[in-house]
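Contents: one structure, followed by commentary.
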Amino acid sequence: MFTRATQEAHTFIPVRNYSLGETLTSGQAFRWREVDREWEGVIGKRWVRLSQETGAIRAAAFETGSVEDWSWLKNYLQSETDLDRVISTFPRDQHMRAAISACPGLRLLKQEPWECLASFILSSTKQIVQIQQIIGLLCERFGEPIDTPSGRTVHTFPSAERVAAITEEDLRCCKMGFRAPYLRASAQMIARGDLDLSGIARLDVENARGELMRLPGVGRKIADCVLLFAYHFQEAFPLDVWILNAMRHLYFARRRPSPKGLLKFTQTYFGPNAGYAQQYLFHYMRTRIGRAKK
DNA sequence: ATCCAGGACCACT
DNA sequence: AGTGGTCATGGA
């Protein structure tokens with residue numbers, strides 16, 4: 001009986017103006033961890049290690065068979081997106097300028113829809129470190145094990161079918177609290193085929209958002225996260241507490257426009273890549289401004 | 001100890 | 001169409 005060798009494959013992905021660190025810590029993906037100046041994570045069924053070089057990202061993947069086609073990784077990293085062209089569409093006010101210069105090379109990843117959706121269902125009123133912890137527990141307990149070169153075992157993100165079969169009690173053991181029934185019921189709708197995640201890519205943004213919001217635990221904000229981070233609807237603009245405070249603080253100097261009014265403002269003001277601009281503001285506020293909000 | 005976190009949902013006006 | 005309370009858990 002032959003077992004196909006599991007082996008580590010390497011490549012260099014040429015990049016320009018790309019910061020792995022800013023990108024992987026900006027609150028869009030939650031499974032990356034920094035180990036000795038390298039980044040380790042799981043994409044689909046592959047364990048991956050990335051590191052920043054000048055002009056390239058060095059990548060190692062660990063899987064059965066040989067790896068010759070790296071398009072799955074380039075697609076995830078969006079390494080071929082012309083970031084300068086995206087940024088050129090941002091408004092040129094002082095706050096955007098500050099955010100852009102504070103987070104050079106920050107990118108939007110292109111994530112798998114189910115993992116992205118489930119992750120953000122688990123994100124509500126949680127800090128990013130806690131979201132990472134919850135997702136880590138969920139994967140460790142219910143994902144499929146993957147070998148790594150170091151001998152450490154990591155796990156895939158459990159599929160919708162798998163999550164649908166987990167009891168609410170077992171989900172709550174992953175510390176997700178009141179989000180457990182939301183995650184479970186959403187997984188069941190997807191597993192049953194009541195909602196087709198792959199079909200959402202073909203819809204216009206309003207219908208795509210409407211589809212996602214049929215899922216329990218998915219409102220406007222989480223839907224916009226999935227629209228932006230998994231489907232790349234560039235006009236999706238996740239309006240969370242950080243962005244809300246940023247907008248009020250930076251653009252509306254303590255007048256207090258309603259969230260609805262703010263959303264309308266963002267759609268015209270931030271241009272065709274509003275969601276991308278939002279990610280810069282979010283990361284900028286969260287890492288550089290910190291408590292200076294309000 | 002008190003407040004708050006990449007919210008959604010329900011019951012109220 | 002807009003408010004307020006509630007949900008679970010752990011940082012700050």
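So you know, we letter chains A, B, ... as the sequences are listed, proteins then strands, and number each from 1. These numbers were taken from a predicted model, which means no experiment stands behind them.
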Charged N-O contact under 4.0 Å between [X] and [Y]:
X         : Y         : answer
Arg184(A) : Glu168(A) : no
Glu211(A) : Arg214(A) : yes
Glu112(A) : Lys45(A)  : no

So what does [X] touch, heavy atoms closer than 4.0 Å: a base, only the sugar-phosphate, or nothing?
X         : answer
Ser26(A)  : base
Phe30(A)  : nothing
Ile121(A) : nothing

TODO: Would you mind building the protein contact string for nucleotides 7-13 of chain B? One character per nucleotide, 5' to 3', B for base within reach (heavy atoms under 4.0 Å), S for sugar-phosphate only, - for untouched.
DONE: BSS----
Open item on the list: If we count only N and O atoms by modelled type, under 3.5 Å, do the side chains of Gln28(A) and Ser26(A) hold a donor and an acceptor together?
Closed with: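 Indeed, the side chains of Gln28(A) and Ser26(A) share at least one donor-acceptor pair under 3.5 Å.
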Whole angstrom is fine here: how far is it from [atom1] in [X] over to [atom2] in [N]?
X         : N       : atom1 : atom2 : result
Phe282(A) : dA5(B)  : CZ    : P     : 11 Å
Leu244(A) : dA5(B)  : CG    : P     : 10 Å
Ile135(A) : dG6(B)  : CD1   : P     : 13 Å
Leu24(A)  : dG6(B)  : CG    : P     : 18 Å
Arg179(A) : dC7(C)  : CZ    : C1'   : 8 Å
Ile128(A) : dA12(C) : CD1   : P     : 12 Å
Met285(A) : dC4(B)  : CE    : P     : 16 Å
Leu263(A) : dA1(C)  : CG    : C1'   : 15 Å

Open item on the list: Given dT9(C), dA1(C), dG6(B), identify the nucleotide with an atom nearest to the side chain of Lys175(A).
Closed with: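 So the nucleotide nearest the side chain must be dT9(C).
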Task: CA sep, side-chain torsions, deciding dist, call: Leu50(A), Leu73(A), side chain to side chain contact (heavy atoms under 4.5 Å, CB included) - done: CA-CA 10 Å; Leu50(A) 305 171; Leu73(A) 182 55; 4.1 Å; yes
Open item on the list: Counting distance alone, no hydrogens or angles: does the base of dG6(B) have a donor or acceptor under 3.5 Å from a partner atom on the side chain of Gln278(A)?
Closed with: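 Indeed there is one.
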Task: Side-chain donor/acceptor contact of Gln133(A) with base of dG11(C) under 3.5 Å - done: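 Per atom types, no contact qualifies.
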Task: Same-atom distance (C1') from dG6(B) to dG2(C), integer angstrom - done: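 One C1' to the other, the span is 23 Å.
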Open item on the list: Check for me whether the distance between the ring centres of Phe237(A) and Tyr269(A) falls short of 6.0 Å.
Closed with: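 Ring centres of Tyr269(A) and Phe237(A) not closer than 6.0 Å.
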Task: Sub-6.0 Å ring centroid separation between Tyr280(A) and Tyr284(A) - done: no
